[in-house]
Amino acid sequence: SAVISQKPSRDICQRGTSLTIQCQVDSQVTMMFWYRQQPGQSLTLIATANQGSEATYESGFVIDKFPISRPNLTFSTLTVSNMSPEDSSIYLCSVEGRGRGWEETQYFGPGTRLLVL
Amino acid sequence: AQTVTQSQPEMSVQEAETVTLSCTYDTSESNYYLFWYKQPPSRQMILVIRQEAYKQQNATENRFSVNFQKAAKSFSLKISDSQLGDTAMYFCAFMIQGAQKLVFGQGTRLTINP
């Protein structure tokens, strides 16, 4: 599986500000994904980040609130814009596995814990 | 829409015991994948095991095995010889083949006691 890192690992932000989360992979991957895990909850897919095209957002998530960049095959960013306390969550990126038998299997980064005051 | 249900919010067993975590799912699709992920307090999501729906043979990974009942739409995880390091939240997840979207259950908090 790929080695995935995220920055920052955690942050405390004031409402109304924005935070950009970075996701770096140690090998080229076609698909990268961003998930949100609200406190005590399960994971929900925010969007799929495609290299060379706009991200594909899930129902309930919009580009103005969660703009995503995917400049190359090893890197993506997720911005949480105009934050409110309801955005306090863990944000995780994931990538699809490579190799026969591991296709369509997602591996996750360590997550970014965000607290909005 | 696909749904995944984990009916056990919390479980607790003694070290070295065997424990089974339950998961059911609802879908009209015939080609899909099922997964179990583990999330320890460090919050890193770790893949435990993967099952392709077209395979009748249950997946195994060392001490971890699944009981996949396709007709019943059931996908339980068995942990044998449990260890303290198995303490974590366990999430069951579902993905339609080609859809690239994981749908997660609500999780089961498993505690292994010494």
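Nothing here was measured: the structure is a model prediction, and the numbers come from that model. We name chains A, B, ... by the order of the sequence lines, and we start the count at 1 in each one.
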- Message: Closer than 3.5 angstrom, by distance alone: can the side chain of A:Asn50 be matched with the main-chain N or O of A:Ser53 as a donor-acceptor pair?
- Response: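 Flag not set: sc A:Asn50 to bb A:Ser53 has no pair under 3.5 Å.
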- Message: When you measure from the side chain of B:Arg50 to the backbone of B:Glu52, do you find a donor-acceptor pair of N or O atoms at a distance under 3.5 Å?
- Response: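 No.
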- Query: Checking A:Ile90 against chain B: side chain, backbone, both or neither under 4.5 Å from a heavy atom?
  - Reply: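 Side chain of A:Ile90 only, per the 4.5 Å heavy-atom cut-off to chain B.
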Does a donor on one side chain and an acceptor on the other come within less than 3.5 Å for [X] and [Y]?
X: A:Trp34; Y: A:Ser94; value: no
X: A:Gln28; Y: A:Thr74; value: no
X: B:Thr27; Y: B:Gln2; value: yes

- Rounded to the nearest 0.5 Å, what's the gap from OG1 on A:Thr56 to CG on A:Leu45? Could you check?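 With rounding to 0.5 Å, OG1 (A:Thr56) is 9.5 Å from CG (A:Leu45).
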- Message: Once rounded to the nearest 0.5 Å, what's the spacing between atom CD of A:Gln6 and atom CD of A:Gln24?
- Response: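 So the CD of A:Gln6 and the CD of A:Gln24 are separated by 11.5 Å.
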- Take A:Glu96 and A:Thr105 through the test side chain to side chain contact (heavy atoms under 4.5 Å, CB included) and record every step on the way to the result. CA-CA 5 Å; A:Glu96 192 173 42; A:Thr105 299; over 6 Å; no
- Query: If you check every heavy atom in residues 94-114 of chain B against those of chain A, which residues fall under 4.5 Å?
  - Reply: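 The stretch touches chain A at B:Met95, B:Ile96, B:Gln97, B:Gly98, B:Ala99, B:Gln100, B:Lys101, B:Leu102, B:Phe104, B:Gly105, B:Gln106.
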- Task: Under 4.5 Å, heavy atom to heavy atom: which of residues 69-93 of chain B reach chain A? Give them by number, or say none.
- Result: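 Those residues of residues 69-93 of chain B which have a heavy atom under 4.5 Å from chain A are B:Phe91.
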- Query: Would a 4.5 Å heavy-atom cut-off, applied to side chains only, mark A:Thr44 and A:Ile46 as touching?
  - Reply: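 No; the side chains remain at least 4.5 Å from each other.
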- With sequence neighbours excluded, residues passing side chain to side chain donor-acceptor pair (under 3.5 Å) with A:Ser89: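 Testing A:Ser89 for side chain to side chain donor-acceptor pair (under 3.5 Å), a comparison that skips the adjacent residues, returns none.
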- Item | Test side chain to side chain donor-acceptor pair (under 3.5 Å) applied to A:Gln22 and A:Thr77, step by step | CA-CA 5 Å; A:Gln22 300 178 5; A:Thr77 67; over 6 Å; no
- Dump the intermediate steps for side chain to side chain contact (heavy atoms under 4.5 Å, CB included) on A:Tyr91 and A:Gln37, then the final yes or no. CA-CA 6 Å; A:Tyr91 293 86; A:Gln37 186 178 22; over 6 Å; no
- Apply side chain to side chain donor-acceptor pair (under 3.5 Å) to the pair A:Glu58 and A:Tyr35, showing each step before the final yes or no. CA-CA 10 Å; A:Glu58 295 297 308; A:Tyr35 287 81; over 6 Å; no
- Enumerate by number any residue of residues 8-15 of chain A whose heavy atoms lie under 4.5 Å from heavy atoms of chain B; in the absence of such residues, state 'none'.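 So the qualifying residues are A:Ser9, A:Arg10.
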